[in-house]
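Here the structure comes first, spelled out in structure tokens, and everything after it is commentary.
Reckoned from all heavy atoms, side chains included, excluding hydrogens, waters and symmetry mates. Predicted model, so just to flag it, every value in this text is computed and none were measured.
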Amino acid sequence: MEYKYWTDNETKYLKENFKTKHLREIAKDLGRTYGSITNRFKKLKLYYIKNQMPKRPFPKISNEEWAYIAGIVDGEGTISFKRNRKTGTVRKSKESGISPLVTISTTSPILAEYFMGLNQKSYCTKTRPKHCLPVYATRIGSLADIREFLKQILPYLKIKFDDASNTLEFCNSRLSKSFRSPYSNEEKKLVDDVLESHMKGPSNVLRKEVKNA
């Protein structure tokens, strides 16, 4: 098969759309194979497209509804960081072993169903004593999901505004480079500021790992 050289217009289309479209969709638009698109993608060093696309995007909702969700996060949510673990050990991952953690916990099954209606996973946590209501948790997934979520609720947050702002900046930084890139000093500072706001002292294991990453 004769090689089909890339035109300037095709390259321009790829650069302009790779952050908002999947590579297979771009391949269809350009009439090229998926392999051709991925090879060109790598040559242009646009390695972070897989992280850029939200896995569970929120549907289009009004600003008033985002404000309502922000109020729930302020009261029942957690915005922090966690270690990626596998069988008790820190594993290498797209986030270099540290990931943002955005969860909402509630005893209301109605609220859990509400978030499931927004394309998010909600699940019942461990069994509690019989006199306690079960707790339902909703966790926002990938870096791109978290970035989309925080971007929408940030203007309406009060209590957790600083944590959300730092976490959003961290997501933007990690998604702007190859997933194999080590932490920058700025990224380490963002993580440490969030962990410190949760009153995790300087001896905290996660804070030590971030400093040494």
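With Phe170 as the partner, the side-chain contact (heavy atoms from CB on, under 4.5 Å) test is satisfied by one option alone out of Val194, Leu175, Leu190: Leu190.
Atoms CZ and CD1, on Arg174 and Ile98 in that order, are 10.5 Å from each other to the nearest 0.5 Å. We find the CG-CD1 distance between Leu168 and Ile146 to be 10.5 Å, quoted to the nearest 0.5 Å. One distance of note links CZ of Arg139 with CZ of Arg56; it measures 13.0 Å at 0.5 Å rounding. The distance from the OH atom of Tyr34 to the CG atom of Asn39 is 10.5 Å, given to the nearest 0.5 Å. Annotation: the span from Asp74 atom CG to Ile79 atom CD1 amounts to 7.5 Å, rounded to 0.5 Å. Atom CG of residue Leu150 and atom NZ of residue Lys160 lie 12.0 Å apart, to the nearest 0.5 angstrom.
Linking Ile, Leu, Val, Met, Phe, Trp and Tyr residues whenever their side-chain heavy atoms come within less than 4.5 Å places Ile104 and Leu154 in a single cluster. Under the 4.5 Å side-chain heavy-atom criterion for grouping Ile, Leu, Val, Met, Phe, Trp and Tyr, Phe161 is not connected to Val191 through any hydrophobic cluster. One hydrophobic cluster, built from ILVMFWY side chains closer than 4.5 Å, holds both Ile26 and Leu44. Both Tyr156 and Val73 are members of a single hydrophobic cluster when ILVMFWY side chains are connected at heavy-atom separations under 4.5 Å. Under the 4.5 Å side-chain heavy-atom criterion for Ile, Leu, Val, Met, Phe, Trp and Tyr, Ile61 and Tyr68 are members of the same hydrophobic cluster.
Looking only at side-chain heavy atoms (C-beta outward), Lys189 and Asp193 come within less than 4.5 Å of each other. Put simply, the side chain of Arg32 does not reach to within 4.5 Å of the side chain of Arg40, judged on heavy atoms. You'll find the side chain of Ser80 stays beyond 4.5 Å of the side chain of Asp163, heavy atoms only. By the 4.5 Å heavy-atom criterion applied to side chains, Asn17 and Asp29 are not counted as neighbours. Leu143 places a side-chain heavy atom less than 4.5 Å from the side chain of Pro100. You'll find the side chain of Thr138 stays beyond 4.5 Å of the side chain of Tyr114, heavy atoms only. Side-chain atoms of Tyr136 and Thr107, non-hydrogen and from C-beta on, never get closer than 4.5 Å to each other. Proximity of Phe115 to Thr106: side-chain heavy atoms (C-beta onward) are nowhere separated by under 4.5 Å.
By the 30° and 60° cut-offs, the orientation of the rings of Phe58 relative to Phe149 is parallel.
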In sequence, state the C-alpha distance, the side-chain angles, and the governing distance for Asp145 and Ser142, and then conclude on side chain to side chain donor-acceptor pair (under 3.5 Å).
-> CA-CA 5 Å; Asp145 290 319; Ser142 68; 2.9 Å; yes
Verdict with supporting geometry, Ser99 and Lys82, side chain to side chain contact (heavy atoms under 4.5 Å, CB included) | CA-CA 5 Å; Ser99 295; Lys82 67 182 180 69; 4.2 Å; yes
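Residues Arg147 and Cys171 share a closest heavy-atom pair of CB-CB, 4.1 Å.
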